Amino acid sequence: MAIKDILKQNLKGVEALVRGWVRTRRDSKEFSFFELNDGSSVKNLQVIADATLPNYQEIVKINTGGAIAARGRLVESPGKGQAVELRADEIVIYGAADPAAYPLQKKGHTLEFLRTIAHLRPRSNTFGCVFRIRNTLAFAIHKFFQERGFLYVHTPIITASDCEGAGSMFRVTTLDPAAPPRDEKGAVDFSQDFFGRQSFLTVSGQLEGETYATAFSRIYTFGPTFRAENSNTPRHLAEFWMIEPEAAFFDLRDNADLAEDFLKYIISACFENNMDDLEFLAKWYEKELIPTLRHIVETPFERITYTEAVSLLESSGESFEYPTKWGSDLQTEHERYLTEKRIKKPVVVTDYPKIIKAFYMRNNDDGKTVAAMDILFPRIGEVIGGSQREERLDVLLGRIREMNLNEEAYWWYLDTRRYGSVPHAGFGLGFERALQFCTGMSNIRDVIPFPRFPGWAEF
RNA sequence: UCCCCUGUAGCUCAAUCGGCAGAGCGGGUGGCUGUUAACCACUAGGCUGUAGGUUCAAGUCCUACCGGGGGAGCCA
């Protein structure tokens, strides 16, 4: 029986079997108190082991980290601090944890230390909360799109195109790094590699996603994504999960509406499923977590154009390290001013200058801007980046040539514009960034089970 | 990759001006107790990140490297 259900229903007077890991144990004269956690909730169940139990001598040797099963009757607790407790008739010891060696204490640890024991940290309160919320968010994402007729597409992890244009990529190869085959010019001969050409881990499923959107109307991807950037920040990972919906017949406004509904939906799911976890995280990490999340669900996002954003910044009276100038990208300090000081809620910034955005974004009639949108959140910055896509073949080809991209490499992508091209739009959501926001965790390395970042691939 | 801060017991941290390396928690032993991050007593636990340098003397000052944190860039 899950401890969560026992506590939620306040079950009393019934027999129960609970199994889990001991958070702490205290001895009294005639019995021992266990705090048992099975991962179903941040809350523990108190288990009373009477000294008359046949294996009591073994029981009192169990410390923090040990795994046990307890069978007995749920009763009203005479002590303070819990309404219900389990009076054990039988305790089975699965595995002890040597108290001198087990690194998790019942006191608080720093997140930095817990990161060095990423295989044990899910047994801590904090990471229990974080990963229950991660589960809620992942499920809510599927539910949101499925309820709206979006088809889940598995775009490839390995890609042969080095033209996805979103940062450096990890190479995938079976060639011997010490002695790769060479061509006449001495360059590495990738025609002898596994795929007969160079291949990499994907940095985005968008281009493939667009091909499916022009068949199924509405699709989304949800999978791992890889960036080989030497980024050392609390907001970047080398391996992370990304959600990329793509919808035919959507324009930029439809896209922004979808993104806003989507974010509100998945945050609401946390309130429905993880109130205990949110309260724990709010208490220890981010005091304003719950009001902040509630505010986001309840109020419409602010929508401004890039041009309006620049004038807001120019008239702000703030002294920025980087001056704001129409045509250069918004700096982190600018985004934080907009979301945290000026507007104080998520901001959808649209219609960026085309010179700072990707080739596939739809050209606006002004000839200067494209139908791009970024959704900026307080504290963590860009959560969503998206756009309406350029569906006009001639305009798209013009952009590819203008940016000196390899036209032939895009032959299959361009076919979507050659045959039955339609207006369409989509966006990318960084799953871990959304999770950071929902949990209040300030470092992205603490919201993924085993983080990968420059210099670290342990576990 | 750049800038700033930082590294002392298993964990969290002290150590004044450069002058004997300490505490709390955790561990062990004993005691007490319907206990709540229990309490009381005793106890073990250290190449002060690594390598050099300055000095009679370095945890402390200097240099380099390594790890961690924050900020920036790149982005989701």
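None of the values given here were measured: they were computed from a predicted structure. Values below: every heavy atom of this structure, side chains too, minus hydrogens, waters and symmetry copies. Labels below follow one simple rule: chain letters A, B, ... track the order of the sequence lines, proteins then strands, and each chain is numbered from 1.
A donor N or O paired with an acceptor N or O is not found under 3.5 Å between the base of rU6(B) and the side-chain atoms of E112(A).
Taking a pair to require two hydrogen-bonding distances under 3.5 Å in either a Watson-Crick or a G-U wobble arrangement, rA41(B) pairs with rU29(B). Base pairing analysis places rA64(B) opposite rU50(B); the two distances defining the Watson-Crick or G-U wobble pair are each below 3.5 Å. Base-pair partner of rC2(B): rG71(B) (Watson-Crick or G-U wobble, both distances under 3.5 Å). With a cut-off of 3.5 Å on both Watson-Crick or G-U wobble distances, the partner of rU8(B) is given as none.
Comparing rA21(B) with rU8(B), their C1' atoms are spaced 8 Å from each other, to the whole Å. Rounded to whole Å, the C1' atom of rC4(B) lies 26 Å from the corresponding atom of rA76(B).
Closest contact between the side chain of I48(A) and the listed nucleotides rC74(B), rG73(B), rG34(B) involves rG34(B). Out of rG34(B), rU1(B), rC11(B), the shortest distance to the side chain of H109(A) is found at rC11(B). The side chain of K106(A) lies closest to rA38(B), out of rA38(B), rG34(B), rC11(B). If you check rG70(B), rG34(B), rU1(B) against the side chain of N230(A), the one that comes closest is rU1(B).
D27(A) comes within 4.0 angstrom of a base, heavy atoms only.
The separation between E229(A) atom CD and rU1(B) atom C1' is 11 Å, rounded to whole Å.
The pair D38(A)-R19(A) does not count as a salt bridge, with every side-chain nitrogen at least 4.0 angstrom from each carboxylate oxygen.
The stacking criteria are not both satisfied for F431(A) over the base of rA76(B), which would need a centre-to-centre distance under 5.5 angstrom and an angle between ring planes under 30 degrees.
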